[in-house]
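Protein chains get the first letters and strands the later ones, always in sequence-line order, with residue 1 at the start of each.
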Protein chains: 2
Amino acid sequence: MSDTAISQQDQVGQPGLRERKKRLLQEAIEQAALKLFLQRGYEQTSIQDIAETVMISPRTFFRYFPSKEEVLLGPTRTVMRAGLEHLRTLPKAQPEDEAARTALRSAVLHIAHLYQQQRYSFLLRYQIARQVPSVAAFYLYALLEAETAFCHLLQERVGGACEYSQLRLLVATHVAILRVALEQWLDGGAQGDLQALLLNYLEALH
Amino acid sequence: MSDTAISQQDQVGQPGLRERKKRLLQEAIEQAALKLFLQRGYEQTSIQDIAETVMISPRTFFRYFPSKEEVLLGPTRTVMRAGLEHLRTLPKAQPEDEAARTALRSAVLHIAHLYQQQRYSFLLRYQIARQVPSVAAFYLYALLEAETAFCHLLQERVGGACEYSQLRLLVATHVAILRVALEQWLDGGAQGDLQALLLNYLEALH
DNA sequence: TTGACTTTTGTCAGTTAGTGACATTATAAT
DNA sequence: ATTATAATGTCACTAACTGACAAAAGTCAA
C-alpha cells in the first residue's frame, strides 16, 4: 500500500531493489541496442536480437521502450521536454513585445546546452540514425510535438497579446534554426560550441 | 522491344490499354482508401480492407503504393517535387546576393499555388491525417527531403557564393514558414488565399 | 520467516505492414 | 497464332507491435 505508510526505501531515499533492477535493465537494453546498432546497423538489428543480448523476452523490451526508435531518440525527447520545463519556470519580467522571442531564445539555448552536456551520447545516436528514414521521421515528429507544446506554453505566457499564428511562426522558425544548428554541429563531430553556433544562426535571422 | 520501334499507341499518343488500366486501378485504390479512411479512420483501415474493396490482392496494393502513408501523402510529395522543378527551370538573372532568397521565395509560392489548385484534395487528406503520428512523421520527412534537395540545387545555382550552412538555414526557415502557412490555411478550411498568407509570413521574417 | 500483496516477466496467440519468389494471366508486338 | 513482356495472385516469410494470463520475483507487515 502506498497510501498507508511510506516504505523503508523511500524514507531513506533509496529506490529499493525493484526500482534499481528496472533502471539497470533499461540501461542494459539501451547499451546493448546501441552496440548492436553500431555493429550491424539500425535496420539490420531486430528487437529479437536486442532482447537475446540482454536475455529478456521481446515482450519485455516493449515494456521498457515503446518502439525501436525510442531507444535511439529517447534522450532527444527528454531534452526537448527539459527545454519546455525551462520555459515554464522562466520569470516573465520581460517587456510585452519581445517577451515570447526572448523566452524562446532562452529555451532553445538551454536545449543546446543540454546537448553539449551529453555530446558523445548524441553524436553516437546521430551517427547511427543518420540516413535511416524511420528514425529521421520519428525525430522530426518529436520536434513537431515540442513545437506545439512551446506554442501552447507561450500562449498562456503572453496571454492574448500575440496571435496564435504569429506565435506558431516564431516557434517554428526557432525550432528549424535549432535543428539546423544541431545538424551542423553534429556533422562537425560535435566539436565546436553549439550555443555560439545557435546564437549566430538566431542573429542571422534578425 | 522499346529500342527497335515506337509502339502504335505511342505514335498516336494514346497510352494503350495496359497503361490505362494501371492509371484506373491506381485511382481506384486511392479513392477506396480515402473513402475507408474517412469512414473508419486511417489507423482502423488495413491494407487488406483497401485491397478487398478494389478486389485486388494486398500484394498488388504494394505494387502501386510503397506504403499506406504514400496513399495519403503522394500528392504532397508530388507538389514538393514540382517546387524543385520550378526552382530548377528558373532563370538565374538575379543579383548575386539575393539570388537564393528570391529563388526560394518563388519556389515556395509556386508550391502554395499548386496546393490551392487542389485545395479539396489536400484538405481531405489533411483532415484524415491530422492527429495520426505516423502520417505526420512521414509528412515531415518528405519536407526534410525537399529541404535537402532545395539546398543542393541552390548550391549549384549560386556556386560557392554562399556557405552551405547559411543556405541550409535559409531553406529550413522557408520550409518551416511554408509548413506553418499550410497548417493555418488548412485549419481554416483552405478558404483564404494561401499565397497571400505565405507572402505575409515571409515578410514577417524580414 | 511466513504469508499476503504487488509488480515484473515470460509465454502464447494474434494483427498488421511490408518483401521476395514464382507461377499464372493478361496485354502487346510480329 | 505465337512469342515476348508486363501485371497479378499466391505463398511464405520477417519484423514490429499488442492483449491476456499465468508464473516468478520483490515488498512489507506480523
Could you tell me the separation between the [atom1] atom of [X] and the [atom2] atom of [N], rounded to a whole number of Å?
{"X": "B:Gln48", "N": "D:dC11", "atom1": "CD", "atom2": "P", "answer": "13 Å"}
{"X": "A:Arg20", "N": "D:dA25", "atom1": "CZ", "atom2": "P", "answer": "17 Å"}
{"X": "A:Phe62", "N": "C:dT9", "atom1": "CZ", "atom2": "P", "answer": "15 Å"}
{"X": "A:Ile50", "N": "D:dA15", "atom1": "CD1", "atom2": "P", "answer": "12 Å"}
{"X": "A:Glu70", "N": "D:dT18", "atom1": "CD", "atom2": "P", "answer": "12 Å"}
{"X": "A:Phe61", "N": "D:dA15", "atom1": "CZ", "atom2": "C1'", "answer": "12 Å"}
{"X": "A:Glu52", "N": "D:dA15", "atom1": "CD", "atom2": "P", "answer": "11 Å"}

Check ion pair [X]-[Y] (N to O, under 4.0 angstrom):
{"X": "A:Glu145", "Y": "A:Arg81", "value": "no"}
{"X": "B:Glu203", "Y": "B:Arg105", "value": "yes"}
{"X": "A:Arg88", "Y": "A:Glu156", "value": "no"}

Indicate the atoms forming the closest heavy-atom contact of A:Leu197 with A:Ala181, along with that distance.
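Scanning both residues, the minimum pair turns out to be CD2-O, 3.5 Å.
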Write down the atom of B:Gly83, the atom of B:Ala107, and the distance for their closest heavy-atom approach.
O-CB, 4.0 Å
With B:Tyr126, the side chain to side chain contact (heavy atoms under 4.5 Å, CB included) member among B:Leu182, B:Asp187, B:Val135:
B:Asp187
Could you tell me the separation between the CG atom of B:Leu167 and the CD atom of B:Gln155, rounded to the nearest 0.5 Å?
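The CG atom of B:Leu167 sits 6.5 Å away from the CD atom of B:Gln155.
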Find the distance between OG (A:Ser46) and CD (A:Glu52) and round it off to the nearest 0.5 Å.
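One finds 7.5 Å between OG of A:Ser46 and CD of A:Glu52.
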Note, A:His113 side chain near A:His86 side chain (heavy atom, < 4.5 Å):
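The answer is no; the side chains never approach within 4.5 Å.
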Residues from residues 124-145 of chain A lying under 4.0 Å of DNA chain C - heavy atoms
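The stretch gives none, as no residue of it lies under 4.0 Å from the strand.
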Using a heavy-atom distance cut-off of less than 4.0 Å, which residues of residues 37-45 of chain A contact DNA chain C?
none
Can you pull every protein N or O that's under 3.5 Å from an N or O on nucleotides 6-10 of chain D?
residue, atom, partner, partner atom, Å
D:dA6, O4', B:Arg18, NH1, 3.1
D:dA7, OP1, B:Lys22, NZ, 2.7
D:dT8, OP1, B:Tyr64, OH, 3.0
D:dT8, OP2, B:Tyr64, OH, 2.9
D:dG9, OP2, B:Ser57, N, 3.1
D:dG9, OP2, B:Ser57, OG, 3.2
D:dG9, OP2, B:Thr60, OG1, 2.5
D:dG9, N7, B:Arg63, NH1, 3.1
D:dG9, O6, B:Arg63, NH2, 2.5

Would you call the rings of B:Trp185 and B:Tyr115 parallel, tilted or perpendicular, taking 30° and 60° as the class edges?
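Perpendicular, since the angle between the ring planes exceeds 60°.
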Should we say atom CZ of B:Arg40 is surrounded by more than 12 heavy atoms from elsewhere, each under 6.0 Å from it?
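Count over threshold, so yes.
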